[in-house]
Amino acid sequence: MEPIYICGPTASGKSSLAISIAREIGGEIVNADAFQLYRGLEVVSAAPSADELAQVPHHLYGVLEPTESADAQLYVNLAKPVISEIQSRGKTPVVTGGSGLYLKFLTHGAAPLPTGDAALRAEMDARPLEDLVAELTALDPVEASRTALQNRRFVSRALEICLLSGKKASDLRDGWEKQTAEISSRLKGIVICRTRPDLHARIARRTRSMLDGGALAEVAALAEISNNCEKAIGFREVRSLLSGEIDRMTCEELINAATRQYAKRQETWFRREEWLVPKAVEDFSPV
RNA sequence: GGGUAGAUGCCCGAGUGGCUAAAGGGGGCAGACUGUAAAUCUGCUAGCGAAAGCUUACGUUGGUUCGAAUCCAUCUCUACCCA
């Protein structure tokens, strides 16, 4: 059974759709959400509820400690065996999530690049951007010319590849994209589409229930553990709420705005995945 | 009732005679993105227009001026202070 991919922006109703599909076809759900991989982040990351988890087998939820760092390749390493295992039992993996890059790695593979190095990154973070740009330009002018040089992340990753591999990032990254069309033609998946007003209303509702439903306690518990989860939408905002910097209403508004912006980026990403079949939400029963 | 400060684009906010369709930020919209991705970055954001440009805009109404968001008067509203 080839996997089915259920994508869509945050709060679009992926989880419940995935559950109903999985029940229908005897499938099992595989997480494709970068933050739902983490244990202890269930509320903030809007992971499936205990009730939902009980309805159909779920995989790769809460499998990482908050202190562990992850990346797209690590995700693939986790997901591949799980998917094969499900298939070996004659079931269909229903891969569900909104992390576009992670999904892309899973479906289309990765270029042969070195894994990021925390120490090197810390070192680069301390240097001015112009510095990094200059070094990248010196080591690999081709890569520099096709990198958004205002984007510190992109510049330091390109430089990191050069430094860790001793080769040119441009050479290593070349050749990867050539077979995507062929791969895409074999993939089966949908992207959930909702109107903006609808999606925004759902986001607002979810933020409220998140804050009412244990987000404060969750963040309070995590605050001392690690910085790795700081990037999760809601984490920083709730922490500010806990410390009294902002009030509940402001917190809610900040989370809503950040979530809306994230959802917009997801829509942009999935729009480019031509193999995903857009499905207007009316095609499915609501949550 | 008296006094003071203020009213700027979707929101906050700068601007005290022409260089102002109006800084900056937020929000919104669009985009980029193969190992930090719920991250990071880019562009646009009064209306019409391909553009030149035209029109409408800085609480109200009127005035001064070649020219006003900027000066004067009036009124309305808001905040604070004194009664």
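Just so we're on the same page: letters track the sequence lines, and every chain starts at 1. All figures in this text were calculated on a predicted structure; none of them were measured in a lab. Excluded from the calculations below are hydrogen atoms, water molecules and symmetry mates; all remaining heavy atoms, backbone and side chain alike, are included.
If you check every strand for non-hydrogen atoms under 4.0 Å, A:A118 touches nothing. Note on A:A148: nothing from the nucleic acid sits closer than 4.0 angstrom, heavy atoms only. Here A:G109 lies in heavy-atom contact (under 4.0 Å) with a base. Within 4.0 Å (heavy atoms only), A:S99 reaches sugar-phosphate atoms of the nucleic acid but no base atom. Using a 4.0 Å heavy-atom criterion, one finds that A:I161 contacts the sugar-phosphate atoms exclusively. At a threshold of 4.0 angstrom between heavy atoms, the contacts of A:V76 with the nucleic acid are absent.
The NE2-P distance, from A:H108 to B:G35, rounds to 16 Å in whole Å. When rounded to the nearest whole Å, the span between CZ of A:R152 and C1' of B:A32 equals 19 Å. Distance CD1 (A:I203) to P (B:G27): 14 Å, rounded to an integer number of Å. Protein atom CD1 of A:I233 is 13 Å distant from nucleotide atom C1' of B:U40, rounded to whole Å. Put simply, CG on A:L101 is 8 Å from P on B:A38, counting in whole angstrom units.
Residues that satisfy the side chain to side chain donor-acceptor pair (under 3.5 Å) test with A:R152, not counting sequence neighbours, are absent from this structure.
Which of B:U36, B:C41, B:A38 sits closest to the side chain of A:E160 comes down to B:U36. Set against B:C29, B:C41, B:A37, the side chain of A:F154 has B:A37 as its closest nucleotide. Comparing B:C41, B:A30, B:U36 by their closest approach to the side chain of A:R196 singles out B:A30. Listed nucleotides B:C41, B:A37, B:C29 differ in distance to A:H200; the shortest reach to its side chain belongs to B:C29. Nearest nucleotide to the A:R265 side chain, out of B:C29, B:A37, B:U40: B:U40. Closest to the A:S45 side chain, of the nucleotides B:G35, B:A38, B:G27, is B:A38.
Of the C1' atoms belonging to B:U65 and B:G59, the separation is 23 Å, rounded to the nearest Å. B:A73 and B:U20 are spaced 25 Å apart, taking the C1' atom of each and rounding to whole Å. B:U76 sits 11 Å from B:U61 when the C1' atoms are compared, rounded to a whole Å. Rounded to whole Å, the separation between the P atoms of B:A57 and B:A52 comes to 22 Å.
Checking the phosphate oxygens (OP1, OP2) of B:A38, no side-chain nitrogen or oxygen of A:Q266 falls inside 4.0 Å. At least one side-chain nitrogen or oxygen of A:T268 sits closer than 4.0 Å to the OP1 or OP2 atom of B:G31. The shortest distance between the side-chain N/O atoms of A:R260 and the OP1/OP2 oxygens of B:G27 is not below 4.0 Å. For the pair A:R271 and B:G31, the criterion of a side-chain N or O lying under 4.0 Å from OP1 or OP2 is met. Within the 4.0 Å cut-off from OP1 or OP2 of B:A37, at least one side-chain nitrogen or oxygen of A:Y102 is found. At B:A37, one or more side-chain N or O atoms of A:K231 fall inside 4.0 Å of OP1 or OP2 (strictly under the cut-off). For A:Q261, no side-chain nitrogen or oxygen approaches OP1 or OP2 of B:A38 to under 4.0 Å. Listed pair A:R157 / B:G35 meets the phosphate criterion, a side-chain N or O lying under 4.0 Å from OP1 or OP2.
B:G53 shows a glycosidic angle more than 90° from 0 and is accordingly assigned anti.
No donor-acceptor distance shorter than 3.5 angstrom exists from the side chain of A:Q73 to the backbone of A:T115, with no hydrogens or angles considered.
A 6.0 Å sphere centred on CD of A:E274 holds more than 12 heavy atoms belonging to other residues, nucleotides or ligands.
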Whenever both distances are under 3.5 Å in a Watson-Crick or G-U wobble pair, mark it; put RNA chain B into dot-bracket that way, with [ ] for crossing pairs and | when the partner is on another strand.
((((((((.[[[..)..(.....]]]((((((.......))))))(((....)))...[.[[[..)....]]].]))))))).
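Taking only distance into account, the side chain of A:K264 meets the base of B:G31 through a donor-acceptor pair shorter than 3.5 Å. Side-chain to base pairing of A:D71 with B:A37: no donor and acceptor N or O lie closer than 3.5 Å to each other.
Between A:R121 and A:E160 there is a salt bridge, since a side-chain N of the basic residue sits under 4.0 Å from a carboxylate O of the acidic one.
A:T268 and A:K264 are linked by a side-chain donor-acceptor pair at a separation below 3.5 angstrom, with hydrogens and angles left out of the test. Between the side chains of A:D247 and A:T250, at least one donor N or O sits under 3.5 Å from an acceptor N or O. A donor and an acceptor atom, one from each side chain of A:T10 and A:R206, are located under 3.5 Å apart.
Using cut-offs of 30° and 60° for the angle between ring planes, the A:Y5 and A:W275 rings count as perpendicular.
When every heavy atom of A:K14 is checked against every heavy atom of A:G97, the shortest pair comes out as CE-C, 3.6 Å.
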